[in-house]
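Lettering of chains follows the sequences in order, A, B, ..., and the numbering in each one begins at 1.
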Number of protein chains: 2
Amino acid sequence: MGKERVSIYRIAKEAGVSPATVSRVLTHSANVSDEKRIKVEELIQKYDFSPNAMARGLSSTQSKIIGLLAPDIRNPFYATLAVECERAASERGYILLLSNSMNNMDMEEYHLQKMFEQRVDALILMGGKVDEFVSDEEYVEKMNQIADSTPVVITGKLDGSDCYQVNIDEAQAMDILMEYLISNGHQNICIMGGRKNVNSTYVKRIRYRSSLRKYGIPFRPEYVVETQGYSVESGLEAMNEMFDSKIELPSAIIAINDFTALGIVQSIRQHSYRIPEDISVASFDNTFIADACTPRLTSMGYNYDKFGDALVETAIAALEGKSPLKLQFIPPELVIRESCRNIEQ
Amino acid sequence: MGKERVSIYRIAKEAGVSPATVSRVLTHSANVSDEKRIKVEELIQKYDFSPNAMARGLSSTQSKIIGLLAPDIRNPFYATLAVECERAASERGYILLLSNSMNNMDMEEYHLQKMFEQRVDALILMGGKVDEFVSDEEYVEKMNQIADSTPVVITGKLDGSDCYQVNIDEAQAMDILMEYLISNGHQNICIMGGRKNVNSTYVKRIRYRSSLRKYGIPFRPEYVVETQGYSVESGLEAMNEMFDSKIELPSAIIAINDFTALGIVQSIRQHSYRIPEDISVASFDNTFIADACTPRLTSMGYNYDKFGDALVETAIAALEGKSPLKLQFIPPELVIRESCRNIEQ
DNA sequence: CTGAAAGCGCTAACAT
DNA sequence: ATGTTAGCGCTTTCAG
């Protein structure tokens, strides 16, 4: 370690070329004679040299970093998406800088700040503030300010913002799920979990009602159950309350996500009902939870790998000055397992 | 955007001071007269200026980034640990650069390379190669090479390496769990899941046997069940095989982790046995899975937030030239839920 | 306490 | 095809 750190200067001197030439072979940005190129490559090999990303970024004014701000990767939905974004970014020569906002404004701001300091080339935002039904004005203003210098791609919605949006087609997802349940003879269908001020939840409820209308099934307000959280516990408590109330039990329950479904399943089992014999349960997201649950959950899934691709591709297209679509939808897919039954037979 | 980007020069000029002075107020690295400091701070506020981390890093030769290489954050164990490391790093002014190796050597190398290019100040490695019982010689050599210039902290083991280690005390964890089961009357205890060439698994098996010996319980080799993976499916298959074989069913099963436990629970239920009435199940890691399972799983947990602190603190101490402990252990804690019963009554 | 100036390691014109 | 020369935006001696 007493040695001079190796830089392109060191390589250049030893190879008898200029630093610029070393840079050229490093970036393939221009032709270099075979002779010199090979010489330089040998030295690079010899010293196991790799260029300093900070210097490169400073000089090129491109960090080759994409920032990804998620609410909490302990939620498998975000973990899966994050992993796919990382893959997509790597495939395109970018690094993913992942942070968790923990659903906390201060944290969110802190990480946004740090990402800005790193001069990330683009920003991907998911969940949290960008998923609220009524967009926070100040927040929108701040995002627009960022979007002014850095492309911002969001999963969710942010009214009046300059951001690119790549969203799950929640509407279609709910339509498909409702059709599946109704065609299996269900009429008393409950949608359980979530807050109406969360956009994705709002959209699902809207489509739930329009599906009912389409099939001529009367809407029962008590079958739309709001919960504060999107957790296992939320589902458990909501379902317990339904048992405690005198509400007629639905034949099928749509959980707002896999976590909530898990809680609902627990409650149902604790009350000695069987799934799907007595009650059918379906959910959204199709994380590994759906597959790990007993019985395995029928769930609306998304092609996460395409989702990651779309997010990252949009970000990169935007930062390269191309104009990607402002709004894209990821098609949902119904994954049928053992938690729903046909009640007509 | 036609405007000159704001840098410390812009601030300096407008404040009538030198760039060095702006830098000083930014870093609090030296005293600046109140008058000038306030003037500068006002301008910083006005332009919403934040320093370019690449320039700062290049100049100071400190990136203030800690790299964290995990196998796969879709596994809640790693997700939890990653979140805690991120928190710990943030609290100390560092950024966490998280990547997933996906249990793939090429990916691991790729991300290690990228982290090196970013000149991360320290590296935290978990799972994968650093958890193999027989350490890969070439890998050790490479890690030592990295450790030569960058502190490396690992969770796991790497024989003959210069790395710092922060490990779960697997031995104590197994001892506690065995004592709990045995004191609840269990004699036929099975340990299911994992590969013996994974260090953490190896240690658990060793202590399993020594616990048996301590309590004078005969060792039955058929009660040590190896699986290739650490997944739900691994557990399901292993338990199914046990049912298919003519082996006497154990009264308690220790799963190598929560995932495997989940699979085991599924298999047991499919075979119409009850938990814990017929068979007790316990596991390691105490992720949210243990709490979400039905019945809720008794599991050996760790204080993840202390774990994250230890990892990050060790990394930072090392990079600051202090000499943290080379080897530290995180104490385990038994979380008792409803999946094990006392069979003596 | 403050400013001038020299880098940090690379890329990107601009020459040649 | 290759070398020279400026920077990129900050920190850090070194003077004063």
Query raised in the report: Between D:dC10 atom P and B:Q62 atom CD, what is the distance in whole Å?
Result: 17 Å
**Report entry** NZ (B:K157) with more than 12 external heavy atoms under 6.0 Å
**Finding:** yes
Report task. For A:T21, answer base if it contacts any base atom (sugar-phosphate contacts may also be present), sugar-phosphate if it contacts only those atoms, and nothing otherwise; contact means non-hydrogen atoms under 4.0 Å. Result -> sugar-phosphate
Requested in this report: Please work out if B:S29 contacts a base, only the sugar-phosphate, or nothing of the nucleic acid, heavy-atom cut-off 4.0 Å.
Outcome: nothing
Report task. Could you tell me how the ring of A:Y304 sits relative to the ring of A:F307: parallel (under 30°), tilted (30 to 60°) or perpendicular (over 60°)? Result -> parallel
Query raised in the report: Heavy atoms, side chains only, cut-off 4.5 Å: are A:Q118 and B:I95 in contact?
Result: yes
Query raised in the report: Roughly, in whole Å, what's the span from CZ in B:R24 to C1' in D:dT11?
Result: 10 Å
Requested in this report: Applying side-chain hydrogen bond (donor to acceptor under 3.5 Å, both in side chains), name anything that partners A:T27, two or more places apart in sequence or on another chain.
Outcome: A:S29
Query raised in the report: Which two nucleotides bound the region of DNA chain C that has atoms under 4.0 Å from heavy atoms of chain A, read 5' to 3'?
Result: C:dG9 to C:dA13
Report summary line: Closest to the 5' end of DNA chain C, once B:S60 and A:L26 are matched to their nearest nucleotides, is B:S60
Query raised in the report: Side-chain donor-acceptor pair under 3.5 Å between A:Q328 and A:T314, yes or no?
Result: yes
Requested in this report: Using only side-chain N and O atoms of B:S23, determine if any of them is under 4.0 Å from OP1 or OP2 of D:dT12.
Outcome: no
Report task. Identify whether any heavy atom of A:V22 sits under 4.0 Å from a base atom; if not, whether one sits that close to sugar-phosphate; answer base, sugar-phosphate or nothing. Result -> nothing
Query raised in the report: In whole Å, what is the span from the NE2 atom of A:H28 to the P atom of D:dA1?
Result: 16 Å
Query raised in the report: When all nucleic acid strands are considered with a 4.0 Å heavy-atom cut-off, which category describes A:T61: base, sugar-phosphate, or nothing?
Result: nothing
Report task. Find the distance B:M54:CE to D:dG7:P and express it as a whole number of Å. Result -> 19 Å
**Report entry** Nearest-nucleotide comparison on DNA chain C, the residue closer to the 5′ end among A:G57 and B:V32
**Finding:** B:V32
Query raised in the report: Do A:R119 and D:dG9 have a side chain to base donor-acceptor pair shorter than 3.5 Å?
Result: no
**Report entry** Atom pair distance, as rounded to whole Å: CG in B:N52 and C1' in D:dG9
**Finding:** 6 Å
Query - Nearest non-hydrogen partners of A:N103 and A:P71, listed with the distance - result: OD1-CB, 3.7 Å
Requested in this report: To the nearest Å, give me how far apart CZ (A:F116) and C1' (D:dG9) are.
Outcome: 13 Å
Query raised in the report: Between the side chains of B:Q113 and B:E109, does any donor sit under 3.5 Å from an acceptor?
Result: no
Report summary line: Rounded to whole Å, the CZ-P distance (A:R37 to D:dT2) equals 11 Å
Report task. Nearest whole angstrom, please: distance from the P of D:dC8 to the OH of B:Y9. Result -> 9 Å
